[in-house]
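All figures in this text were calculated on a predicted structure; none of them were measured in a lab. Numbered from 1 within each chain, the chains take letters A, B, ... in sequence-line order. The analysis underlying the following values was restricted to heavy atoms, covering all of them including side chains, and did not include hydrogens, waters or symmetry mates.
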Amino acid sequence: MNDTTELERGYRRLVACYPRSFRRENEEEIVGVLLATARDGQRRPGIAESADLVRGAVRMRMGLSRSPRTVLYAVRLMYAGAVAEVAALVIFALTAASVRSDFLVNHPLATAAQLQQVNAHIIGDWVGLPIAIGFWLWMAWANGRGYDWARLVCIGCFALNTITLLAALGTGVARYAPAATIACAVTWAIGFAALALIFCKPSWGYYTRQAAAGQ
Amino acid sequence: MQEATFLILTALADGSQHGYGIISEVADISGKRVRLRAGTLYTALDRLRADGLIDVDREEVVDNRLRRYYRLTPEGGLRLAAEAARLQANANAALRRLNPALGVI
């Protein structure tokens, strides 16, 4: 009897790693199954089963176990978006100087106002790219947890990205900053795919359920 | 579909099962090759419920322990049937191609 209580305490300590909402619903059952599958006379949780429980807990804490595959892929795409944005920042840091000089070579008679516009663009990217990285990470986290408002924020971000891309293509910025424009197009494509995934049919149920569970 | 998922759905195909029952059924079906651990099982059950492939059938208390029985949903049945047909088609193709070769030996 003492062995069982000691073993049960050990299992409960491991199950404590799981999110509270999961524990509330499943703790008794999972401890029951663990005790039923334990060897005769076993006093402590084994290494393999402990590792298995901790791995499950980590996946759930990251919000990646309950979400349907569509949301899982969307979250991965959002992390990829953050990586792409970091790459864009690096490319931008390396090419910002050449963008300005290319512009001057092509427009030797550029007015002060035009130069100011180019400078404003460059400053805008310095400020905008780190914010964009933060947004991708924030959205990956919030969508993984199934917050419905996150989908609305995603629409807003995507609209902003679309406007930026169209503006870059329309105003000729693309000619002077091809690398930045390609980066913008890549993040747009990632954003489009992620948006399609979070609004496709299998994802809807997840967001609705999570909203209902949060109330 | 991952093998563990396929086996869990198969375990539920002919009736509802509780957690420990699923582990034993999966071991039987796989000829003791796949031994599901509790962490893996409950992560999978959580996901399958979220995907609407299984649902809770009923709950019982046996020896002061909660037993929750899971069952396949109609959608889960369709997905399992589709996956089984796909695996069977692949296996048949492999056997068809192997048989003449084996016949020579």
Side-chain angles (χ1 to χ4, degrees), chain A residues 4 8 11-12 14-15 17-19 21-39 45-72 144-146 201-210 213, chain B residues 1-2 4-6 8-9 11-12 16-28 30 32 34-71 73-76 78-79 82-83:
Chain A
T4 313
E8 180 170 343
Y11 282 140
R12 284 193 192 276
L14 285 164
V15 175
C17 302
Y18 282 78
S21 59
F22 176 81
R23 279 206 318 268
R24 203 166 41 221
E25 208 177 323
N26 296 290
E27 176 163 352
E28 291 313 310
E29 192 192 348
I30 198 166
V31 168
V33 168
L34 283 163
L35 289 172
T37 50
R39 288 186 318 275
I47 293 172
E49 59 186 348
S50 305
D52 181 63
L53 284 168
V54 170
R55 202 180 54 167
V58 169
R59 289 190 61 188
M60 281 196 190
R61 288 226 171 251
M62 286 174 75
L64 295 179
S65 63
R66 270 195 178 201
S67 47
R69 274 178 204 287
T70 46
V71 176
L72 197 67
R145 293 186 158 249
K201 202 176 153 223
S203 302
W204 274 97
Y206 176 61
Y207 285 94
T208 324
R209 255 197 316 279
Q210 293 298 94
Chain B
M1 191 183 282
Q2 287 183 349
T5 310
F6 179 80
I8 291 171
L9 293 181
L12 298 175
S16 61
Q17 288 282 352
H18 55 89
Y20 183 65
I22 295 174
I23 293 178
S24 332
E25 287 277 314
V26 165
D28 277 354
S30 66
K32 310 277 179 221
V34 177
R35 290 190 55 83
L36 283 181
R37 293 188 184 282
T40 308
L41 173 69
Y42 281 90
T43 315
L45 290 178
D46 206 42
R47 164 182 283 289
L48 289 170
R49 273 174 80 182
D51 285 349
L53 301 186
I54 64 167
D55 215 343
V56 172
D57 189 46
R58 63 184 191 281
E59 290 177 356
E60 287 175 5
V61 176
V62 180
D63 297 334
N64 284 330
R65 298 247 173 243
L66 176 75
R67 272 189 182 177
R68 191 175 282 140
Y69 284 77
Y70 298 90
R71 64 175 164 75
T73 62
E75 196 191 337
L78 288 175
R79 283 281 291 278
E83 183 66 7

All side-chain hydrogen bond (donor to acceptor under 3.5 Å, both in side chains) counterparts of A/Glu49, not counting sequence neighbours: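 Scan of A/Glu49 (side-chain hydrogen bond (donor to acceptor under 3.5 Å, both in side chains), adjacent residues dropped) gives A/Tyr11, A/Gln42.
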Residue among A/Leu34, A/Val54, A/Thr70, A/Thr37 with most heavy-atom pairs under 4.5 Å to chain B: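 Heavy-atom pair counts peak at A/Thr37.
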Closest heavy-atom pair and its distance - A/Val15, A/Arg23: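 Minimum heavy-atom separation between A/Val15 and A/Arg23: O-CD, 3.3 Å.
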Proximal component of A/Ala51, with respect to chain B [non-hydrogen, under 4.5 Å]: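 Neither part, no heavy atoms under 4.5 Å.
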Electrostatic pair A/Arg55-A/Asp52, nearest N-O below 4.0 angstrom: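 Counted as a salt bridge, because a side-chain N and a carboxylate O are separated by less than 4.0 Å.
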Contacts of type side-chain hydrogen bond (donor to acceptor under 3.5 Å, both in side chains), residue B/Glu75, not counting sequence neighbours: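 So B/Glu75 forms no side-chain hydrogen bond (donor to acceptor under 3.5 Å, both in side chains) with any residue.
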Neighbours of chain A found in residues 16-25 of chain B - heavy atoms under 4.5 Å: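 Against chain A, the residues of residues 16-25 of chain B that fall inside the cut-off (heavy atoms, under 4.5 Å) are B/Gly19, B/Tyr20, B/Ile23.
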Any residue meeting side-chain hydrogen bond (donor to acceptor under 3.5 Å, both in side chains) with A/Arg12, in chain and number order, not counting sequence neighbours: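 Partners of A/Arg12 by the side-chain hydrogen bond (donor to acceptor under 3.5 Å, both in side chains) criterion, ordered by chain and then number, come out as A/Glu8, A/Glu27, A/Glu28.
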Spatial distance of atom CZ (A/Arg145) from atom OH (A/Tyr206) [nearest 0.5 Å]: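 Result: 8.5 Å between the selected atoms.
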Pairwise distance CD(A/Glu25) to OH(B/Tyr42) - rounded to 0.5 angstrom: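 The CD atom of A/Glu25 sits 11.5 Å away from the OH atom of B/Tyr42.
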